[in-house]
Protein chains: 2
Amino acid sequence: MTTVDQKKLEMSDAVLADKLREVGLRPTRQRMALADILLSQGKRHITAESLYSEATSQGVNVSLATIYNALHTFTAKGLLREISIDSNRSYFDTNTEEHHHFYFEKSGKLEDIEPDHVKLARVPDAPDGMSISRVDVVIRVDG
Amino acid sequence: MTTVDQKKLEMSDAVLADKLREVGLRPTRQRMALADILLSQGKRHITAESLYSEATSQGVNVSLATIYNALHTFTAKGLLREISIDSNRSYFDTNTEEHHHFYFEKSGKLEDIEPDHVKLARVPDAPDGMSISRVDVVIRVDG
DNA sequence: AAGCAGTCTAGAATTATTCTAATCTTATGG
DNA sequence: CCATAAGATTAGAATAATTCTAGACTGCTT
Ligand SMILES: [Mn+2]
Ligand SMILES: [Mn+2]
Ligand SMILES: [Zn+2]
Ligand SMILES: [Zn+2]
């Protein structure tokens with residue numbers, strides 16, 4: 001509410017807008033609102049529907065098409081990472097650093113694994129002239 | 001074509017039927033046909049649609065609902081394993097032994113990794129009283 | 001301020017999957 | 001064997017998730 005707080009918010013917006021511009025995306029009203037939800041809080045695992053609900057409940061009016069557009073363009077630009085659990089459950093991860101996941105089969109929730117708690121001793125070479133773009137480890141837990 | 005071959009086929013059917021009964025499934029006509037496609041050939045990565053096409057093109061008349069029923073019950077009984085790549089691409093793996101995969105982003109194909117080519121040095125403990133039901137490693141390759 | 005490329009949107013369309021409810025089949029056991 | 005019940009199959013409807021379309025709108029460059 002103070003001038004200081006307002007300044008912080010404005011800075012934050014400027015930072016967000018820069019983050020978008022850096023990857024070649026225009027900081028439009030909708031993208032800024034979604035980027036705020038997605039990128040200016042802690043690391044999260046979000047679905048299209050949960051992002052839509054969250055935006056809507058914050059009074060951000062955005063169409064579902066825009067939600068999908070944003071999730072996919074953000075992912076393509078490296079601001080998000082997609083993690084698919086099964087044919088009806090796909091998450092977008094706001095943590096784009098290399099890390100792995102627990103998946104709780106009962107609750108359907110994903111949880112980051114501490115980086116040093118999982119370690120690959122051996123990773124195969126990619127075939128031919130191909131290269132590895134990502135390694136995903138999902139540890140399924142029955143509880 | 002010979003008597004021997006016919007006997008082999010009959011044996012194979014008997015073996016298949018037993019495999020189904022062993023896990024508590026009735027060896028119905030449709031399931032036998034699908035189990036034949038799924039379980040009596042080499043290890044494969046199959047989608048609902050590809051199984052449907054394959055069955056249909058072999059003259060096996062089976063509804064898509066039965067395809068999904070079979071894939072899910074087989075999976076629940078441990079005869080198959082499901083691997084989800086993204087929200088629109090889910091495979092069923094006829095290889096249920098512990099193993100990991102390459103995913104070729106361009107072609108959309110999955111390929112088994114030689115078991116000794118990937119090794120986890122460190123796997124975290126499951127939280128609480130939970131236990132790890134499976135560890136999936138998918139190595140994405142851009143080619 | 002003008003113009004263009006990029007973006008947004010509502011709603012339709014598509015795709016994947018599941019459900020429903022009627023019909024059919026396998027296993028059982030008398 | 002045959003009756004029966006539990007389990008399985010099916011067509012088609014329904015649902016859910018995602019993508020497409022085409023027109024309106026806006027951020028950015030000049
Ligand atoms: Mn679905
Ligand atoms: Mn889909
Ligand atoms: Zn994560
Ligand atoms: Zn495999």
Novice: Choose from C:dC19, C:dT25, C:dA27 the nucleotide whose nearest atom is closest to any side-chain atom of B:Pro27.
Specialist: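 Selected nucleotide: C:dA27.
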Novice: So which one's nearest nucleotide on DNA chain D is more toward 5', B:Ala65 or A:Ala65?
Specialist: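 By nearest-heavy-atom nucleotide position, the 5'-most residue is B:Ala65.
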Novice: Give a yes/no on whether any side-chain N or O of A:His72 is located under 4.0 angstrom from OP1 or OP2 of D:dT19.
Specialist: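 Checking D:dT19 against A:His72, a side-chain N or O does come within under 4.0 Å of OP1 or OP2.
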Novice: Using the test ring-ring contact (aromatic ring centres under 6.0 Å, His included), find all partners of A:His100 that sit at least two apart in sequence or belong to another chain.
Specialist: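 With neighbours one apart ignored, the set is empty.
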Novice: OP1 or OP2 of D:dT10 sitting under 4.0 Å from any side-chain N/O of B:Thr66?
Specialist: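 Checking B:Thr66 against D:dT10: at least one side-chain N or O falls below 4.0 Å of OP1 or OP2.
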Novice: Does A:Arg21 make a side-chain N or O approach to OP1 or OP2 of D:dC28 shorter than 4.0 Å?
Specialist: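 Yes, because at least one side-chain N or O of A:Arg21 sits under 4.0 Å from OP1 or OP2 of D:dC28.
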Novice: Which nucleotide wins on minimum distance to the side chain of B:Arg26, given the candidates D:dA6, D:dG12, C:dG11?
Specialist: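 Comparing D:dA6, D:dG12, C:dG11 against the side chain of B:Arg26, the answer is D:dA6.
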Novice: Between the base of D:dA8 and the side chain of B:Arg31, is one N or O donor paired with an acceptor at under 3.5 angstrom?
Specialist: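 Absent.
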Novice: Would you mind reading off the distance between A:Lys77 atom NZ and C:dT7 atom P, rounded to a whole angstrom?
Specialist: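 My rounded result for the distance is 8 Å.
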Novice: Give the minimum heavy-atom separation between A:Pro124 and B:Ile139, together with the two atoms involved.
Specialist: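 Smallest interatomic distance, heavy atoms only, reads CD-CD1, 3.5 Å.
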Novice: Check the distance between C:dA5's C1' and A:Leu25's CG and give it to me in whole angstrom.
Specialist: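 So the two atoms are 14 Å apart, to the nearest Å.
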Novice: Taking OP1 and OP2 of C:dT18, is either one under 4.0 Å from a side-chain nitrogen or oxygen of B:Tyr68?
Specialist: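 No, no such contact exists.
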Novice: Return no unless some side-chain N or O of A:Thr28 is found under 4.0 Å from OP1 or OP2 of C:dC8.
Specialist: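 Answer yes for this pair, as a side-chain N or O of A:Thr28 is under 4.0 Å from OP1 or OP2.
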Novice: For a quick test of reading the model: is some side-chain N or O of A:Gln30 closer than 4.0 Å to OP1 or OP2 of D:dC25?
Specialist: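 For D:dC25, neither OP1 nor OP2 has a side-chain N or O of A:Gln30 closer than 4.0 Å.
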Novice: Measure from CG on A:Asn69 to P on D:dT18 and round the result to the nearest Å.
Specialist: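 A:Asn69 atom CG is separated from D:dT18 atom P by 13 Å.
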Novice: Between atom CZ in B:Arg89 and atom P in C:dT15, what is the gap in whole Å?
Specialist: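 Distance, rounded to whole Å: 14 Å.
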Novice: At their closest point, which heavy atom of B:Ser84 faces which heavy atom of A:Ser84, and how far apart are they?
Specialist: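 Closest heavy-atom pair between B:Ser84 and A:Ser84: OG-OG, 2.6 Å.
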Novice: Can you check the B:Met32 CE to C:dA27 C1' distance for me, whole Å?
Specialist: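 In whole Å, C:dA27 C1' lies 15 Å from B:Met32 CE.
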Novice: Atom OH of A:Tyr52 to atom P of D:dT18: distance rounded to whole Å?
Specialist: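 To the nearest whole Å, that distance equals 14 Å.
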Novice: Considering only heavy atoms from C-beta outward, does the side chain of B:Val141 approach that of B:Glu111 to under 4.5 Å?
Specialist: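 When only atoms from C-beta onward are counted, B:Glu111 and B:Val141 do not touch, as no gap falls below 4.5 Å.
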Novice: When we call it a touch if two heavy atoms are under 4.0 Å apart, what does B:Asp86 touch: a base, just sugar-phosphate, or nothing?
Specialist: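 Nothing: the residue B:Asp86, judged by heavy atoms under 4.0 Å, touches no strand.
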Novice: Looking at B:Arg140 and B:Asp86, is there a salt bridge between them, counting it only when a charged N and a carboxylate O are closer than 4.0 Å?
Specialist: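 No, B:Asp86 and B:Arg140 are not salt-bridged.
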Novice: In whole Å, I'd like the distance from the CZ atom of A:Phe74 to the P atom of C:dT7.
Specialist: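 One finds 10 Å between P of C:dT7 and CZ of A:Phe74, rounded.
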Novice: Between B:Ile67 (CD1) and C:dA16 (C1'), how many Å, whole number?
Specialist: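 B:Ile67 atom CD1 is separated from C:dA16 atom C1' by 14 Å.
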Novice: Between C:dT25, C:dT9, C:dT17, spot the one nearest the side chain of B:Arg29, thanks.
Specialist: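 Nearest to the side chain of B:Arg29 among the choices is C:dT25.
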